[in-house]
Amino acid sequence: MQQNNFQAKFKAALAISKLDKKNRAQNKGQTQNQLHQTIVEHNGLKSTYFMGHNEIPEIDENAIVVAELDISIVTKKGEQYKTPKLEGMLLKKSPHYLQGWQQRWAVCQDNRLVYYLPENRGSPFGVLDFNIMSYSLQDTKDQNGNIIEFVLIPSGSTKNFIFKAGTSQETMKWFHVVRENKDTSEGAKKILNNLVKYPRFWRTDRISCEQFLKTGDTGDILLFRGNGANCLIQRGLTGSDYDHAAVLLRFPSGSLYILEATGCYGVGLCSWKDMIDEKWFELYEKIMIRKLEIERDHTFLKTVQEFVNENMGKKYSLTPMKLLKQKSTVQDINKQVNKEERTFFCSELVAALYKQLGIFDQQKSAAQYWPGSLCSENKQLVVLKGILHPEQLIDFSSF
């Protein structure tokens, strides 16, 4: 009985996100003066929304199929193979002759070589991801056969990245670690060079869809920058680079879902498979993932499961009263009257879950978090448990 009830709520939540994406698709490319103000009613809630001149689509919940396994939230299985890790100071040869060799803090692991400016190790200055791009690796030896520098050359590009360490012994150690990370990557199995079309592609930390499916995990944050007029208005009002936020969920079948509070219809679930198959990712200029590094034990997963069960289908609301509310505790929210009346806007939903998990300040109201509040540029964001890694751009270039 409990399983049937969950699946019914699950289907309803999927329908909510489908409605939202189909509306976005209908209005794609229309400017503000081509939209008209519309009162949209769903689940007993009336919302003001700027719509195109298309009818609101209907979704048949009975036609939605949910895998029998997908009745509980899980974490991804541990990796069988771990690539060697090495970090430390390297010298990188500048492409500009007069600048010569420059110090870079470097980390090689997980089939990537990432380097940082020494004074700013929180934000990558260059990312060479061997799972997204194929590279050739060459070494330079002295007259005694010692490796004194090595060079990485992206497939299909004239760009090269030349590195060396403080001694030939250290350089040789780096060379072997980089080689193993490269040789066990996706870029070693097949030629990948889609990134060549992007100028200075190495400046952006990306993750391929394939790697996203493998490594995305329950509790990771997704940040969206939409294409539509509503998105532009919201970014202007909030002064943020993003206009939507959501949380990633992983289920036993291996499927990934996005838990989100949509602008018209409330709290829904979007299947990542639908995101790809329906090309809904084209509704956004970019989608970023902030990976949450935390112990996803039984308590963590149980808390997420209860939060999802309780809030699927809840109404959307963004009101001045919410924005003025500075404090609210988990105890306040857990009162039955508040549970029944609870509403969310997108980033409030994310923050509410993180408060339940003890990651965010228990006293600060979840309504004080905008999508931009959740990005790594917000140095005021306090993370009490775990580590929220900087954003990675999800790369859809293979579609």
Side-chain angles (χ1 to χ4, degrees), residues 76 105-107 109-117 120-133 194-195 198-227 231-232 234-235 238-250 256-260 270 272 275-276 280-294 346-351 353-354 357 359-360 369-383 385-398:
K76 66 182 177 65
W105 181 262
V107 180
Q109 66 175 337
D110 300 329
N111 306 118
R112 291 154 46 100
L113 176 61
V114 183
Y115 58 90
Y116 306 79
L117 296 175
N120 184 14
R121 298 183 189 178
S123 180
F125 195 63
V127 180
L128 310 184
D129 192 325
F130 308 132
N131 284 317
I132 300 180
M133 190 80 175
N194 286 330
L195 297 188
Y198 300 117
R200 299 164 71 85
F201 63 85
W202 59 91
R203 290 283 191 248
T204 301
D205 192 358
R206 290 176 167 86
I207 182 171
S208 67
C209 277
E210 292 79 5
Q211 288 300 308
F212 175 84
L213 285 170
K214 289 180 182 178
T215 63
D217 210 350
T218 295
D220 291 343
I221 292 177
L222 295 176
L223 297 171
F224 301 77
R225 182 181 173 92
N227 287 318
C231 303
L232 183 63
Q234 183 175 326
R235 291 197 300 272
T238 61
S240 170
D241 197 35
Y242 305 102
D243 47 72
H244 186 51
V247 174
L248 198 63
L249 304 175
R250 181 174 285 275
L256 292 176
Y257 288 85
I258 301 168
L259 178 71
E260 59 180 351
C270 178
W272 188 257
M275 180 73 80
I276 299 301
W280 286 336
F281 58 84
E282 294 180 351
L283 300 172
Y284 307 94
E285 289 181 28
K286 58 184 178 181
I287 304 176
M288 314 291 284
I289 180 172
R290 288 201 74 180
K291 291 184 177 179
L292 173 65
E293 183 180 331
I294 198 170
C346 64
S347 48
E348 180 189 13
L349 179 70
V350 177
L353 172 58
Y354 269 43
L357 292 166
I359 299 171
F360 282 175
Y369 294 85
W370 291 100
S373 305
L374 303 174
C375 73
S376 58
E377 288 186 2
N378 178 21
K379 304 306 180 185
Q380 305 303 313
L381 182 65
V382 178
V383 178
K385 286 170 57 178
I387 300 171
L388 263 179
H389 290 283
E391 294 90 333
Q392 288 181 285
L393 174 67
I394 303 174
D395 184 65
F396 298 99
S397 61
S398 58

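Because the structure is predicted, anything quoted here is derived from the model rather than measured. All residue numbers refer to positions in the sequence shown, counting from 1. Hydrogens, waters and symmetry mates are skipped; everything else that's a heavy atom, side chains included, is used.
Below 30°, between 30° and 60°, or above 60°: for Tyr369 and Phe360 the angle between ring planes is below 30°, a parallel geometry. Relative ring orientation between Phe224 and Tyr284 is described as tilted, the plane-to-plane angle lying within the 30° to 60° band.
Here Glu377 pairs with Cys375 under the side-chain contact (heavy atoms from CB on, under 4.5 Å) rule; sequence neighbours left out. Annotation: salt bridge (Lys or Arg N to Asp or Glu O under 4.0 Å) contacts of Glu285 (sequence neighbours excluded): Arg225, Arg235. The side-chain contact (heavy atoms from CB on, under 4.5 Å) test applied to Cys270 returns Ser17, Lys21, Ile258, Glu260, Met275, Trp280, not counting sequence neighbours. Among residues two or more places apart in sequence or in another chain, the salt bridge (Lys or Arg N to Asp or Glu O under 4.0 Å) test is passed with Glu391 by none. In this view, Lys291 satisfies the salt bridge (Lys or Arg N to Asp or Glu O under 4.0 Å) rule with no residue, not counting sequence neighbours.
Looking at Lys385, its side chain does come within 3.5 Å of a backbone N or O of Leu357 through a donor-acceptor pair. Side chain of Tyr354 to backbone of Gly219: a donor-acceptor contact under 3.5 angstrom is found.
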Between Leu213 and Leu256, does the side-chain contact (heavy atoms from CB on, under 4.5 Å) criterion hold? Intermediate values first, please.
CA-CA 7 Å; Leu213 285 170; Leu256 292 176; 4.0 Å; yes

Applying side-chain contact (heavy atoms from CB on, under 4.5 Å), run through Phe201 and Arg206 and close with a yes or a no.
CA-CA 9 Å; Phe201 63 85; Arg206 290 176 167 86; 3.9 Å; yes

Tell me, with the steps shown, if Tyr198 and Ser397 meet side-chain contact (heavy atoms from CB on, under 4.5 Å).
CA-CA 10 Å; Tyr198 300 117; Ser397 61; 3.9 Å; yes

Going through the distances and angles, do Asp110 and Thr215 end up as a side-chain contact (heavy atoms from CB on, under 4.5 Å)?
CA-CA 11 Å; Asp110 300 329; Thr215 63; over 6 Å; no

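The two residues Ile394 and Cys209 have their closest heavy-atom pair at CG2-SG, 4.2 Å. Pairing each heavy atom of Ser240 with each of Gly372, the nearest pair is OG-CA, 3.0 Å. Thr204 and Val127 make their closest contact through O-CB, 4.3 Å (heavy atoms, listed as atom of the first residue, atom of the second, distance). Heavy-atom minimum distance, Leu374 versus Ala245: CD1-CB, 3.8 Å. Of all heavy-atom pairs between Trp105 and Val107, the closest is NE1-CG2, 3.9 Å. Taking every heavy atom of both residues into account, Leu223 and Pro371 meet most closely at CD2-O, 3.6 Å.
A salt bridge does not link Asp220 to Arg250: none of the charged side-chain nitrogens sits closer than 4.0 Å to a carboxylate oxygen.
Taking CG of Leu222 as the start and CD1 of Ile287 as the end, the distance is 7.5 Å to the nearest 0.5 Å. Taken from CD1 in Ile289 to CG in Asp205, the straight-line distance is 11.0 Å, to the nearest 0.5 Å. A distance of 7.0 Å separates CD1 in Ile359 from CG in Leu353, rounded to the nearest 0.5 Å. The distance from the CZ atom of Phe281 to the CG atom of Asp395 is 10.0 Å, given to the nearest 0.5 Å. Here NE2 of His389 is found 9.5 Å from CZ of Arg290. Values are rounded to the nearest 0.5 Å. One distance of note links CH2 of Trp272 with CG of Leu248; it measures 8.0 Å at 0.5 Å rounding.
Trp202 is not listed as a side-chain neighbour of Leu195, based on a closest heavy-atom distance of 4.5 Å or more. Between Phe212 and Lys214 the shortest side-chain heavy-atom distance does not fall below 4.5 Å.
Listed by first then second residue, pairs satisfying salt bridge (charged side-chain N to carboxylate O under 4.0 Å, His left out) with a partner in residues 120-132 read Arg112-Asp129, not counting sequence neighbours.
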